[in-house]
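Structure first, then comments.
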Amino acid sequence: MSTMSSKANLENLVRSGGLKTEPPDRKECEGLLRSAMDRLQDARNPALSFASRFDLAYNAAHALALTALRLQGYRSDKRYLVFQCLAHTLDVGKAQVRQFALCHERRNLAEYEGYMDVDEALLADLVALTDSLLAQVQQAMARTN
Amino acid sequence: MISPIKGPIIPLLGLTDNLMQPLPLSEALFTTTQQKVLGLLYGKPDQSFYANEIARWAQVGKGSLMRELDRLQRAGVLTLNRQGNQTHYQANPECPIYGELLGIVRKTFGIGEALRAALAPLARQLVWAFVYGSIAKGSDHAGSDIDLMLIGENLSYGDVMERLLPVEQHLGRSINPTIYTPADWQARKAAGNSFVLRVSEQDKIDLIGGPPPKEPANEHNEQ
């Protein structure tokens, strides 16, 4: 939530070099949101492989987390940090942030070490979490209209 | 004729080849016997244990164990009291570094106890829970994650993460859970899945239960 302490936490991350400040850009946020919605929908396509569905859901979650960060006037190219910031940019609990972080680690294993475990339980949870993230980001977008 | 080597002799003390080898915190700070004794007594500080009990648990020689118990007791790390003909030892809350020792034990060799407590409410769903990876192998360092394998039915990442979050904060380490059903685990093993095979051969810290049976024992229809 955008409370004082959240703002302070984000500002601390700017000072430590993890985040950059950049004024929010409506067009950019709409583009990210559109991409997230498409990917989240495709992540449910049973004709696709597990690896593709996971990739789509993960990237939808990242696009939404980045939108939340951009709406607050920040940017980061560190994916892990973009997820960590959800605790400060939206009302996302610590356990949920840890779940996104876990998915990020699984994605890195696949991306950089070529190991993708078929974990349907993890994907189902990721899709459900990303669904609720989408609703929160849409609300945040509406507030900044 | 052999000519003497000139110049100062600089002993290497085996430092150069070990520079890249990370050493577990517990290994750097305590002997194996001390780790066992402190792990048990500072892992359960509200309980007292008699020497034979500690020896059985620690699986170390009685001689070295008694010397260690004597030293720790004389230093005030442990208290000693006699109950009948048994000598009981317990973590000493009056020890000036009691709190610090509790923390060290919890963060290094006491991880198993903290996880067991957090997972206890899921015991009925769990068939086998264990720690693998660097911590179980004893090759962990301060920043190592806790790799946790949970094999059971009706487990969700969301629920597990909620339960593990306080342990992560308490231990100051990230926990990295993997959840499988017993069928998933067996199917992966049978298919030669590299991760599952690697994990099943590695050292583990067993938390709850044990390996799922190879085949579903008959066709029960208990729903």
Side-chain angles (χ1 to χ4, degrees), chain A residues 9 16 43 49-51 53-54 57-58 60-61 65 78-81 83-88 90-136, chain B residues 115 118-119 121-122 125-127 132-134 143-200 202:
Chain A
N9 280 318
S16 61
S49 69
F50 174 85
R53 285 180 286 131
F54 187 84
Y58 164 82
K78 298 180 177 68
R79 288 175 159 255
Y80 189 79
L81 200 59
F83 287 117
Q84 295 293 314
C85 284
L86 281 173
H88 312 307
L90 292 171
D91 190 12
V92 177
K94 279 183 184 159
Q96 284 77 47
V97 172
R98 283 290 296 122
Q99 266 186 275
F100 284 122
L102 188 66
C103 292
H104 174 70
E105 281 156 28
R106 295 285 184 96
R107 171 261 187 189
N108 281 358
L109 267 182
E111 205 82 354
Y112 304 114
E113 294 180 41
Y115 182 74
M116 179 99 239
D117 192 27
V118 178
D119 191 337
E120 293 286 356
L122 186 71
L123 177 55
D125 277 7
L126 175 60
V127 168
L129 277 176
T130 310
D131 269 335
S132 65
L133 196 57
L134 173 63
Q136 285 197 51
Chain B
L115 284 173
L119 295 172
L122 301 175
Q125 284 140 271
L126 284 167
V127 173
Y132 63 97
S134 63
S144 296
D145 282 2
I146 300 173
D147 293 317
L148 179 66
M149 178 63 71
L150 301 172
I151 302 172
E153 303 285 359
N154 305 316
L155 296 164
S156 83
Y157 280 96
D159 185 29
V160 164
M161 269 305 177
E162 289 284 356
R163 287 173 199 283
L164 295 178
L165 205 58
V167 187
E168 285 193 330
Q169 282 161 354
H170 185 60
L171 297 174
R173 293 181 192 264
S174 289
I175 303 174
N176 176 20
T178 298
I179 299 175
Y180 288 132
T181 63
D184 284 342
W185 173 260
Q186 289 302 357
R188 280 168 170 77
K189 262 189 102 167
N193 177 294
S194 62
F195 170 68
V196 166
L197 286 183
R198 197 150 27 89
V199 168
S200 56
Q202 276 176 22

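In the text below, chain A, chain B and the rest are named by the order of the sequence lines, each starting its count at 1.
- Contact of B:Leu165 with chain A is made through the side chain alone, with heavy-atom distances under 4.5 Å.
- Proximity to chain A is limited to the side chain of B:Arg188, based on heavy atoms less than 4.5 angstrom apart.
- Of all heavy-atom pairs spanning A:Ala101 and A:Tyr80, the tightest one is CB-CE1, 3.9 Å.
- Of the two parts of A:Gln96, only the side chain, counted from C-beta on, holds a non-hydrogen atom closer than 4.5 Å to a non-hydrogen atom of chain B.
- Looking at A:Asp119 and B:Ile179, their side chains never come closer than 4.5 Å, going by heavy atoms from C-beta outward.
- Nearest heavy-atom pair, B:Asn154 versus B:Gln125, reported as atom, atom and distance to 0.1 Å: O-NE2, 3.1 Å.
- Both the backbone and the side chain of A:Leu122 come within less than 4.5 Å of a heavy atom of chain B.
- Contact annotation for B:Asn193: only side-chain heavy atoms (C-beta onward) come within less than 4.5 Å of a heavy atom of chain A.
- Here the closest non-hydrogen pair linking A:Gln136 and A:Asp91 is OE1-N, 3.3 Å.
- In this structure, the portion of B:Ile175 lying under 4.5 Å from any heavy atom of chain A is its backbone and not its side chain.
- Taking both residues in full, the closest heavy atoms of B:Gln202 and B:Gly133 are given as OE1-N, 3.2 Å, listed atom of the first, atom of the second, then distance.
- A perpendicular orientation is assigned to the rings of B:Tyr132 and B:Phe195, their planes being inclined by more than 60° (bins at 30° and 60°).
- The part of B:Ser194 that comes within reach of chain A is its side chain, from C-beta onward, which places non-hydrogen atoms under 4.5 angstrom from that chain.
- Interface residue B:Asp145: only side-chain heavy atoms are found under 4.5 Å from chain A.
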